[in-house]
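Chain letters run A, B, ... following the sequence lines, proteins first, then strands; residues in each count from 1. Heavy-atom basis, side chains included; hydrogens, waters and symmetry copies ignored.
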2 protein chains.
Amino acid sequence: MGVQERRARERQELRGEILEAARELFVREGVDQVSMRRIAEKIEYSPTTIYLYFKDKAELIDCLCEETLGKLDRRLTQIENSTPDPVERLRRGMKAYVEFGLKHPNEYKVAFMTELKPDELAGGRAKAMGQNALNHTRSSVKQCVAEGRMHVDDVEAAAQNIWATIHGLTSLLIVKTTFPWADRSKLLEQLVDTHIAGLMAERTVPAL
Amino acid sequence: MGVQERRARERQELRGEILEAARELFVREGVDQVSMRRIAEKIEYSPTTIYLYFKDKAELIDCLCEETLGKLDRRLTQIENSTPDPVERLRRGMKAYVEFGLKHPNEYKVAFMTELKPDELAGGRAKAMGQNALNHTRSSVKQCVAEGRMHVDDVEAAAQNIWATIHGLTSLLIVKTTFPWADRSKLLEQLVDTHIAGLMAERTVPAL
DNA sequence: CCATAAAATTAACGGTGTTATGTTATATCA
DNA sequence: TGATATAACATAACACCGTTAATTTTATGG
């Protein structure tokens with residue numbers, strides 16, 4: 001009897017259709033323009049059917065973002081494995097992060113620019129996954145310090161600040177589209193250079 | 001006689017009441033929890049009356065944010081006038097910026113973490129005002145370069161990157177409230193130190 | 001063929017921003 | 001003073017939204 005398997009497969013198929021339809025709306029128009037009714041119309045099902053496959057809209061969007069965030073994680077892992085020099089690794093990772101954000105602005109917004117409400121404690125897998133980028137950063141910083149190429153008294157704080165730095169550029173470029181920015185690649189290059197130079201120059205106790 | 005003045009005054013009074021009621025909701029619960037109906041209930045008027053005083057919700061929120069953003073601008077001006085040393089001025093300005101954002105998270109979100117839709121071209125005075133922070137930064141950087149204390153080939157890009165850096169920390173701290181952050185003041189101190197150290201260390205053409 | 005379970009739909013609730021249409025109070029002028 | 005114009009405010013309604021409950025349709029196993 002393969003009937004159960006078939007049903008499970010059909011279930012997954014429709015689930016996939018929902019995600020596909022939602023993704024199309026989401027990447028083009030952003031999370032606010034995704035509505036259960038619009039998704040339903042695209043797949044030609046009733047709006048409430050979606051609730052048989054996803055707990056609510058937040059979970060649906062979370063699924064979409066998690067998939068995309070996975071790309072960032074894999075890219076960072078790839079860089080990690082292919083770049084032995086920790087400083088260069090950090091450099092490449094930072095650039096890859098910003099480029100990722102600019103390539104997937106709507107996913108980036110959900111993962112890094114909105115807070116999950118306290119009631120949906122379990123949710124936010126995409127957000128959790130996004131924060132994983134920090135793990136890559138931390139390990140690189142640790143190695144830099146171990147090799148004596150950076151002088152920071154607090155590795156954790158340094159890693160968090162690297163994250164803050166690249167997130168700052170990413171999010172501003174996403175949100176302030178009409179602002180007269182300097183050339184993007186120059187901006188990114190300079191930001192990475194400056195921050196890393198700062199980390200390599202700094203003394204632990206500057207004034208004594 | 002004087003009836004017109006009185007009416008204008010009463011008009012302004014009600015306008016003020018609307019703003020006050022809206023602000024209370026806004027600062028406590030955020031922009032999404034502000035609704036015309038809730039404001040109306042608080043001031044004991046019908047929801048649609050608000051539209052006689054504000055074009056729409058966006059304009060109302062914009063008003064609230066603009067007021068608050070003014071505080072940031074004045075603070076930065078104050079620092080500018082009271083801190084002759086441009087490096088120290090930059091330092092203080094950056095710290096003041098982050099502290100402002102953490103003190104007024106909802107206003108900060110509207111001004112710096114959301115994009116205005118293209119249809120509301122005129123609106124977004126708060127956002128425009130917020131971007132004014134960059135002007136303070138730019139002038140300080142310019143002076144640093146003029147005094148030979150920083151070596152950057154592009155002042156505009158450097159200023160924009162300073163903005164990006166502090167915005168990054170500010171916005172992440174606002175949004176990722178449950179994240180295990182290092183000590184805030186240490187984070188901020190280190191971020192400012194690192195970036196400024198990078199700007200002071202850097203050579204214009206590093207590799208040649 | 002029928003009972004059962006699964007899947008999908010319809011109806012409805014309470015909420016949103018906003019517009020068009022009424023109503024009421026106030027000020028001006030004959 | 002009383003009619004009229006006008007400004008201020010309210011009611012009703014539109015088109016959405018996310019979500020839940022109740023209901024119907026569809027497919028399965030006996």
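- A heavy-atom distance below 4.5 Å is not found between the side chains of A/K71 and A/R75.
- In this structure, A/R38 contributes its side chain and A/Q33 its backbone to a donor-acceptor pair below 3.5 Å.
- Taking atom CD of A/Q12 as the reference point, atom C1' of C/dA7 lies 15 Å away to the nearest angstrom.
- Looking only at side-chain heavy atoms (C-beta outward), B/M150 and B/L90 come within less than 4.5 Å of each other.
- Scanning residues 17-35 of chain A for heavy-atom distances under 4.0 Å to DNA chain D yields A/V34, A/S35.
- You'll find a donor-acceptor pair under 3.5 Å spanning the side chain of A/R37 and the base of D/dG18, going by distance alone.
- When rounded to the nearest whole Å, the span between CG of A/D56 and P of D/dC17 equals 16 Å.
- Taking the ring pair (Phe, Tyr, Trp, His ring centres under 6.0 Å) definition, one finds that B/F26 meets it with nothing, sequence neighbours left out.
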N/O contacts under 3.5 Å, protein versus nucleotides 20-24 of chain D?
none

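- Each of B/E44 and A/P47 lies near DNA chain D, and the nucleotide nearest B/E44 is the one positioned closer to the 5' end.
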All N/O pairs under 3.5 Å across the protein-nucleotides 7-9 of chain D interface:
from: D/dC9; atom 1: OP2; to: B/Y53; atom 2: OH; distance (Å): 2.6

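- In the model, B/T137 has no side-chain atom that pairs as donor or acceptor with a side-chain atom of B/S140 under 3.5 Å.
- Rounded to an integer number of Å, the gap from CD of B/E41 to P of D/dA10 is 13 Å.
- For the helix from C/dC1-D/dG30 to C/dA30-D/dT1, the angle separating the two terminal helix axes comes to 30°, with each axis derived from five pairs and the value rounded to 10°.
- A/E10 places its CD atom 11 Å from the C1' atom of C/dA7, with the value rounded to the nearest Å.
- Between A/M36 atom CE and C/dT9 atom P the separation is 14 Å, expressed in whole Å.
- Residues A/I166 and A/H195 have side chains not in contact (no heavy-atom distance under 4.5 Å, counting atoms from C-beta outward).
- For B/Y108 and B/H167, the distance between ring centers is under 6.0 angstrom.
- A donor-acceptor pair shorter than 3.5 Å cannot be found between the side chains of A/Q160 and A/R138.
- Computed from coordinates, the A/F54 CZ to D/dT19 P distance equals 13 Å when rounded to whole Å.
- Side chains of B/D73 and B/H136: a donor-acceptor N/O pair is present below 3.5 angstrom, by distance only.
- With a 6.0 Å cutoff to the six-membered ring centre and a 45° limit on the axis angle, A/R11 counts as a cation-pi contact of A/Y53.
- B/Y45 is linked by a ring pair (Phe, Tyr, Trp, His ring centres under 6.0 Å) to nothing, counting only residues two or more places apart in sequence or in another chain.
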Going through the distances and angles, do B/E41 and B/R37 end up as a salt bridge (Lys or Arg N to Asp or Glu O under 4.0 Å)? CA-CA 6 Å; B/E41 202 179 8; B/R37 286 172 174 85; over 6 Å; no
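- Counting only heavy atoms from C-beta outward, the side chains of A/Q131 and B/F179 approach each other to under 4.5 Å.
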